[in-house]
Amino acid sequence: MSYSFEINKLVTFIENHRDFNVIKSNSCFYNNHLGAILADIILQAGLNYKSVVLPRVLHIYQNYNSAHNLSGVINTIEEIGIENFLNWKDNIKINRYLSVLEFLSENSIDTPSELAEFLTQYENAQMFLSINGIGYKTIDYFKKLMHVETVAVDRHILNFLTQANINFNNYHGAKIIVEYAADILNISRRDIDYSIWHYMSVKQTQMSFTFE
């Protein structure tokens, strides 16, 4: 399916919204620390990032330096327990984290950069997607943390496209539309992702105040 019309429609929508500002995405300074970056990609789904996810990620990064690679993460978890390592008790996310560690071990992947390189191959990405709870958004979100120019389609982007009356078939369609619109607007793909996230987060906050 060609999305040319929808891409141009999104470009026009963004250009006509004066309250939409392009905000430069932050650099991920812990993307060389396996324990921290895995905590980020596993915990982020469905949780408040600033109040729940980020404090746990930073705690791992700041307190478990040895957990920067696979063997370090495994040794640290064996020493203190994964619940203490993640400061988390929900078995679903804990099991997902452990499943990713098992996958990395089976594929001899030791660092975040090695995982990023591994995922550049389509067949490898499909293997990674076989892990329960890992989806296309997880992979794209990880790539963003590794400073790859991509868009991770989440609920904010989906709501933004809905607001713009954009039609798309699936995750990949939404991703193509946003990424190509960014290219036309000469905006970094990572930056448009973050800008939409910020724009929709503010809108959501404003709406929550309206109904309180």
Side-chain angles (χ1 to χ4, degrees), residues 1-29 31 37 40-42 44-50 53-54 112-113 115-130 133-211:
M1 176 178 179
S2 174
Y3 286 107
S4 298
F5 179 77
E6 304 302 327
I7 293 166
N8 289 321
K9 188 161 66 171
L10 180 60
V11 169
T12 301
F13 179 81
I14 291 173
E15 289 178 329
N16 290 341
H17 273 67
R18 295 182 179 179
D19 58 342
F20 182 88
N21 298 307
V22 177
I23 303 173
K24 188 171 180 58
S25 57
N26 297 322
S27 295
C28 180
F29 59 86
N31 65 4
I37 202 166
D40 196 327
I41 69 172
I42 297 302
Q44 52 84 26
L47 298 174
N48 183 287
Y49 188 79
K50 290 184 178 179
V53 179
L54 186 58
S113 60
L115 177 57
E117 177 64 25
F118 179 85
L119 292 174
T120 60
Q121 300 297 318
Y122 175 81
E123 296 80 6
N124 293 341
Q126 293 304 304
M127 289 168 56
F128 195 60
L129 288 168
S130 69
I134 299 295
Y136 290 109
K137 183 219 167 183
T138 309
I139 292 179
D140 285 327
Y141 180 73
F142 169 71
K143 289 180 177 179
K144 279 200 315 170
L145 295 180
M146 297 302 293
H147 302 157
V148 175
E149 289 298 331
T150 191
V151 166
V153 179
D154 62 3
R155 61 187 176 87
H156 287 307
I157 286 180
L158 293 176
N159 289 337
F160 186 76
L161 293 178
T162 300
Q163 187 179 111
N165 196 29
I166 303 296
N167 297 309
F168 53 92
N169 288 341
N170 49 34
Y171 179 96
H172 297 293
K175 176 180 165 71
I176 287 171
I177 292 168
V178 177
E179 289 187 340
Y180 282 29
D183 297 345
I184 293 172
L185 291 165
N186 197 28
I187 301 171
S188 155
R189 291 178 174 186
R190 290 179 66 241
D191 289 352
I192 200 169
D193 182 298
Y194 184 70
S195 300
I196 292 174
W197 179 86
H198 184 270
Y199 176 84
M200 295 305 293
S201 296
V202 170
K203 290 291 185 184
Q204 189 177 54
T205 301
Q206 290 173 343
M207 289 178 62
S208 68
F209 285 133
T210 300
F211 293 109

Is there a side-chain contact between [X] and [Y] in this structure, where contact means two heavy atoms from C-beta onward sitting under 4.5 Å apart?
X    : Y    : answer
V153 : V178 : no
F20  : I196 : yes
I192 : I14  : yes
Y199 : D19  : yes
F168 : E6   : no
I139 : F142 : no

Going through the distances and angles, do Q44 and K137 end up as a side-chain contact (heavy atoms from CB on, under 4.5 Å)? CA-CA 11 Å; Q44 52 84 26; K137 183 219 167 183; 2.8 Å; yes
Donor-acceptor contact below 3.5 Å, side chain [X] vs main chain [Y]:
X    : Y    : value
Q126 : E123 : no
N31  : L145 : yes
N159 : T162 : no
H156 : H198 : no

Crowding at [atom1], [X] (>12 non-hydrogen neighbours, <6.0 Å):
X    : atom1 : answer
N186 : CG    : no
Y122 : OH    : no
Q163 : CD    : yes
Y180 : OH    : no
F5   : CZ    : no

Nearest 0.5 angstrom please: [X] [atom1] to [Y] [atom2], how far?
X    : Y    : atom1 : atom2 : value
D193 : I157 : CG    : CD1   : 4.0 Å
H147 : C28  : NE2   : SG    : 5.5 Å
I176 : N169 : CD1   : CG    : 10.0 Å
L47  : I42  : CG    : CD1   : 11.5 Å
I41  : D140 : CD1   : CG    : 11.5 Å
N124 : L129 : CG    : CG    : 11.0 Å

Non-hydrogen atoms of [X] and [Y] that approach each other most closely:
X    : Y    : result
P112 : I37  : CG-CG2, 4.0 Å
S188 : A182 : O-CB, 4.4 Å
Y194 : S25  : CB-CB, 3.8 Å
L119 : A125 : CD2-CA, 3.9 Å
E179 : V151 : OE2-N, 3.0 Å
I177 : Y3   : CD1-CD2, 3.5 Å

Within the 3.5 Å criterion, strictly below it, is a donor on N170 or Y136 matched to an acceptor on the partner's side chain? no
Any side-chain donor near an acceptor of the partner, Y141 and D40, under 3.5 Å: yes
Please identify which of these residues, E149, K144, K175, meets the side chain to side chain contact (heavy atoms under 4.5 Å, CB included) condition with R189. E149
Which of parallel (below 30°), tilted (30 to 60°) and perpendicular (above 60°) describes F160 and F13? perpendicular
